[in-house]
Every structure is written in structure tokens, then in C-alpha cells.
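This report refers to the structure that appears directly beneath it.
Starting from 1, each residue takes its place in the sequence as its number. Being a predicted model, the structure only gives us computed values, none of them experimental. Order of appearance sets the numbers: ligands from 1, and atoms from 1 within every ligand.
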Amino acid sequence: MTRPEIPKKPVPPYPILIRDTRVVAGFGRGSSEIGIPTANIPIEDTPELETLPTGVYFGFIKLNKPSPSVTPEPEIKKRLDGKSEIEFTYGQNLQPKDLSILPMVMSLGWNPFFKNEKKACEIHIMHDFKSDFYGCSLSFNILGYLRPELDYVSVELLIKDIQTDIKIALDHLKLEEYNSCKKQLI
Ligand code: ADP
Ligand code: RBF
Ligand code: MG
């Protein structure tokens, strides 16, 4: 695949700002099978995500830690496959530095490599979290398009492409015209 050229500043329709959505459970493959965790976001609540073409995108994300008085009690929920269970903590374990405006890459689509039957929006955040944050409320902006979704002959090649996505995203997000879009999330 030759990757599309990425402009040196966001060009319309970007930036696309998505406010006050939340982390839901996926299949649990991100961490276990590819070693790249992705916070899954519900598509059906967000018209911008329903109409956006499938593919890989980049931008910034801000997790919100609600005050303890309005945060639901931690809860155990079943995964999409109904098999394993996960704890929804609603972001109550997040540390102050986890709440800064962080760079991210986003995959929107059918994950052809895994033959999903449901379109998924998944965000990998370039940050080292010490705990999960299922149920956490968050806002993000989409600042550009990296490439189409692809099928792969091996999981290693999928991982390699995601690592390249991360590098290209970080290089562009450093540029002033992209970096200044952080202010949308303050
Ligand atoms: P799932 O299929 O349930 O989304 P993953 O294996 O993709 O499972 O793991 C995702 C979860 O890992 C996220 O919901 C989040 O709580 C946590 N997580 C930890 N570090 C990160 C990170 N850097 N980016 C995204 N999610 C992360
Ligand atoms: N899955 C695919 O099948 N094809 C892809 O091209 C693809 N690109 C991705 C790019 C990024 C930046 C991320 C975070 C994920 C991508 N995935 C892709 C999704 C990956 O298969 C998914 O995160 C795991 O299946 C865990 O749900
Ligand atoms: Mg995930």
C-alpha cells in the first residue's frame, strides 16, 4: 500500500470534534492478541462516526474523570462475546497525568483481518495507563486520515502498520497547526 500524503495542517472536514462519549467493551483482542489496547467507542450515539468513511485516523483525546459523587459504583459487565467479564470503573482510577490532552490513532471499520460483523470505532492512546478505564467519559477530535482499513496475511503485518500509523500521527500532531487543535478539548 502506498500511504496517502497527509497535509501539514488539518483541512476540511477536519477537525471533527466529538464530545462526551464513553468507553464501551469490545472483544478484548486489542491487548491480548495484538498488544495494542484500544478504547472502543459506541458509534450509534454519534452521527459524525456513523457517516465518516471507514479507515484509520488521528487526533487528540481527553478523558474526563467525573467527581466521585456523580460516578456510578464500579460494576462487572460481560463482554460482547458474552464469555469474559470486565470491570467498569468509569475512570475513577485515572491519575492526573492521564487526564491531559493526549495523542491518539483511531480505527473505524469492520476490522477485515478479524472479520467483524459489527462496525467498530477503536482509539489507541499514545500514553502509558496504569489501569483500565471502561465506562469513562471522554471527548476527542479527528484531525486527519491516515489510510484505508486493510486485510493482512499475518497479525505481525497488522501490528507493523499500526506502529507506522502511530509514528506518522505523532510526527504530524507535533506540527503547530495540528498541535493548536488541542485547545478544542480544554
Ligand atoms: P476491548 O476489546 O474491550 O476494547 P482492549 O484489549 O482493546 O479491549 O483493551 C481496551 C481497554 O484497555 C480500554 O477500554 C482501556 O480501558 C484500556 N487501555 C489501557 N491503555 C490504553 C491505551 N493506551 N489506549 C487505549 N485503551 C487503553
Ligand atoms: N484492523 C484491521 O483488520 N485492519 C486494519 O487496517 C486495522 N488498522 C488499525 C489501525 C489502528 C491505528 C488501530 C488502533 C487498529 C486497527 N485495526 C485494524 C483494528 C485491530 O484489528 C483491532 O484494534 C483489534 O482487532 C482489537 O479490537
Ligand atoms: Mg478495544
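- In this pair, F129 and H127 present their aromatic rings perpendicular. The plane angle is above 60°, beyond the 30 to 60° band.
- Set against the non-hydrogen atoms of D165, the atoms of ligand 2 under 4.0 Å away are 10 (C), 12 (C).
- The closest heavy-atom contact to atom 2 (O) of ligand 1, among the options G135, P37, G28, comes from G28.
- Residues M126 and V105 form a side-chain contact, since some pair of their non-hydrogen atoms from C-beta on lies under 4.5 Å apart.
- Around CZ of R3, the count of heavy atoms belonging to other residues, nucleotides or ligands within 6.0 Å exceeds 12.
- For the ligand labelled ligand 2, residue Y152 lies inside the 4.0 Å heavy-atom shell.
- At a 4.0 Å heavy-atom cut-off, ligand 1 touches H127 through the backbone alone.
- Under a 4.0 Å heavy-atom criterion, P112 is in contact with ligand 2.
- For the pair K183 (side chain) and S180 (backbone), a donor-acceptor distance under 3.5 Å is present.
- Nearest to atom 17 (N) of ligand 2 among the protein's heavy atoms is S107 OG, 3.7 Å.
- When atom types are taken as modelled, the side chain of E149 and the backbone of W110 share a donor-acceptor pair closer than 3.5 angstrom.
- Checked against the 6.0 Å centroid criterion, the rings of Y145 and F58 do not qualify as a close aromatic pair.
- A salt bridge is absent between D165 and K167: the closest approach of a Lys/Arg side-chain nitrogen to an acidic carboxylate oxygen does not fall below 4.0 angstrom.
- At a heavy-atom cutoff of 4.0 Å, ligand 2 is contacted by the side chain of L158 but not by its backbone.
- I36 does not count as a contact of ligand 1, since none of its heavy atoms falls under 4.0 Å from the ligand.
- Under 4.0 Å from ligand 1, the heavy atoms of V23 that appear belong solely to its side chain.
- Listed for the T38 side chain is no donor-acceptor partner under 3.5 Å among the backbone atoms of H124.
- For ligand 2 and T38, the ligand atoms under 4.0 Å from any heavy atom of the residue are 14 (C), 23 (O).
- Nearest protein neighbour of atom 11 (C) of ligand 1, counting heavy atoms only, is Y134 OH, 3.6 Å.
- For atom 16 (O) of ligand 1, the closest heavy atom belonging to the protein is F133 N, 2.8 Å.
- Annotation for ligand 2: atoms under 4.0 Å from non-hydrogen atoms of V105 are 12 (C).
- Distances from ligand 2 to the non-hydrogen atoms of F27 include no value under 4.0 Å.
- For F129, no nitrogen or oxygen atom sits less than 3.5 Å from a nitrogen or oxygen atom of ligand 1, counting backbone and side chain alike.
- Shown in contact with E149 at under 4.0 Å from a heavy atom are these atoms of ligand 2, numbered in order with element: 6 (O).
- The closest protein non-hydrogen atom to atom 24 (N) of ligand 1 is I125 N, 3.1 Å.
- Under 4.0 angstrom from ligand 1, the non-hydrogen atoms of F27 all belong to its backbone.
- Near V56, meaning under 4.0 Å from any of its heavy atoms, are these atoms of ligand 2: 8 (N), 10 (C), 12 (C).
- Atom 9 (C) of ligand 2 has its closest protein heavy atom at R147 NH2, 3.6 Å.
- Residue-to-ligand polar distances keep S32 apart from ligand 1: every N/O pair is separated by 3.5 Å or more.
- In terms of polar-atom proximity, defined here as any N/O pair under 3.5 Å, T38 does make such a contact with ligand 1.
- Given atom 27 (O) of ligand 2, the protein heavy atom at minimum distance is E122 OE1, 2.9 Å.
- Applying the salt bridge (charged side-chain N to carboxylate O under 4.0 Å, His left out) test to pairs two or more places apart or on separate chains, those with a residue in residues 54-80 are K78-E85.
- Using 4.0 Å as the threshold, I36 has no heavy atom nearer than that to any atom of ligand 2.
- With salt bridges taken as basic N to acidic carboxylate O contacts below 4.0 Å, none links K130 and D98.
- Protein-derived N/O/S atoms nearer than 2.8 Å to the Mg ion (ligand 3) total 3, waters excluded.
- Rounding to the nearest 0.5 angstrom, the gap separating the CG atom in L185 from the CD1 atom in I18 is 11.0 Å.
- If you look at I86 next to ligand 1, there are no close heavy atoms at all, none under 4.0 Å.
- I168 has its side chain within reach of I6: a pair of non-hydrogen atoms, C-beta onward, lies under 4.5 Å apart.
- The atoms of ligand 2 that sit less than 4.0 Å from any heavy atom of L150 are 2 (C), 3 (O), 4 (N), 5 (C), 6 (O).
- A donor-acceptor pair shorter than 3.5 Å cannot be found between the side chains of R22 and N64.
- In terms of N/O distances under 3.5 Å, ligand 1 is not approached by A25.
- Looking only at heavy atoms of the protein, atom 5 (P) of ligand 1 is closest to S31 OG, 3.6 Å.
- Residue F113 has at least one nitrogen or oxygen atom sitting less than 3.5 Å from a nitrogen or oxygen atom of ligand 2, judged on distance alone.
- Using a non-hydrogen distance threshold of 4.0 Å, M104 does not register as a contact of ligand 1.
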